[in-house]
There are 2 protein chains.
Amino acid sequence: MSNKHFNQLSRRERQIVDVLYREGEATVAEVRAAIPDPPGYSAVRALLGVLEEKGHVKHRRHGRQYLYRPTVSRSQARRAALKHVVRTFFDDSVEDVVAALMSIKSTQISAEEYKRLSKLIESERNKRGQR
Amino acid sequence: MSNKHFNQLSRRERQIVDVLYREGEATVAEVRAAIPDPPGYSAVRALLGVLEEKGHVKHRRHGRQYLYRPTVSRSQARRAALKHVVRTFFDDSVEDVVAALMSIKSTQISAEEYKRLSKLIESERNKRGQR
DNA sequence: AAGGATATGCTAAAATTTTAGCATACGCAG
DNA sequence: CTGCGTATGCTAAAATTTTAGCATATCCTT
């Protein structure tokens, strides 16, 4: 990801790449429907073309449509994105992130999920205990 | 934050705003030192000027220097940023985020911190239990 | 004092991004 | 079949972003 770093993306490029990560892959029309204050169809197409030239996305033909997807895997991109947010806004504090997550998502977390979260922390802690 | 949404920021604008959130506030020279592949001093200055015109940052004089800071509070910005990452890359799954955090930071989390994380989850769960 | 480093005020040009539109093709409904 | 909607191929212009540089001022070191 040396030359595919997300801080290299321009405004529209970033909006588009975000949509592609969220959806997995998308047609021009789908991308257009998902970006804020969208330009015309051909503008979105041209932007996807530019992103492809730069190597950030690639397309495959699906019927008569092109389906675009990011070239960097989602798992890689998410790590990078999360790291960046933790560093920029949370002083690298895991606790602060988790606290913010709880705050943001508090009405949506089920009892089951809390249980799973506890288990996850516990198992990571044990992993560490073994080191 | 209606018109101060981060997906409105251009490439350099975003790089600069990120630095300001990371550092809290900064001079032109500090911003310049912190952004990737920096242009000259006057270019950075001009960008900060543009960001100020757009209302994303403001400055105060500190001796003969200007100190710039973001207009949107860090706590607000971090919530928005985290929400965006969770949605874009983690399908809104808190668990997946926490798992990724653990994975990214595993060698840096102390036993104490694991304890505090557990407590945090537990206390959030109890809060929810009361509802 | 002089010179160099570092700061702002101001302007404009270079570079990049964003946008639209024409031509053509294909699919579908009436 | 026709017409409309939707798709790509291709091009270029409009809009925005990015960059530099001149003039002036201030601070610090020699």
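Reminder, nothing fancy here: chain letters follow the sequence lines and each chain counts from 1. On a predicted model such as this, the values are computed, not experimentally measured, just so you know.
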Chain B vs DNA chain C, heavy-atom contacts under 4.0 Å, first-to-last nucleotide span, 5' to 3', is C:dT6 to C:dC10
Any donor-acceptor N or O pair under 3.5 Å, side chains A:His56, A:Glu13: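 No donor-acceptor contact under 3.5 Å links the two side chains.
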Of A:Arg45 and B:Arg64, whose closest DNA chain D nucleotide lies nearer the 5' terminus? A:Arg45
Using a 4.0 Å heavy-atom cut-off across all strands, classify A:Tyr41 as base, sugar-phosphate, or nothing.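 Touches a base.
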Does a side-chain N-to-carboxylate-O contact under 4.0 Å join [X] and [Y]?
X: A:Asp96; Y: B:Arg78; value: yes
X: B:Lys127; Y: B:Glu124; value: yes
X: B:Glu25; Y: B:Arg60; value: yes

In terms of ring plane angle, is the pair B:His59 and B:Tyr68 parallel, tilted or perpendicular, where the classes change at 30° and 60°? tilted
Can you list every salt bridge (charged side-chain N to carboxylate O under 4.0 Å, His left out) pair that touches residues 100-113 of chain B, not counting sequence neighbours?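 Salt bridge (charged side-chain N to carboxylate O under 4.0 Å, His left out) check on residues 100-113 of chain B returns A:Asp92-B:Lys105, B:Glu112-B:Lys115.
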Nearest-nucleotide 5' precedence on DNA chain C, B:Ala46 against A:Ala46: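 In this pair, the answer is B:Ala46.
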Hey, which sits more toward the 5' end of DNA chain C by its nearest nucleotide, B:Arg61 or A:Ser42? B:Arg61
side-chain hydrogen bond (donor to acceptor under 3.5 Å, both in side chains) for B:Gln15 and B:Arg12? Distances and angles first, verdict last. CA-CA 5 Å; B:Gln15 286 169 1; B:Arg12 278 293 190 207; 2.7 Å; yes
Checking B:Arg11 side chain against A:Asn7 main chain: does a donor-acceptor pair fall under 3.5 Å?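 It does not hold such a pair.
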Sorted by number, residues from residues 9-30 of chain A placing a heavy atom under 4.0 Å from DNA chain D are A:Val28, A:Ala29
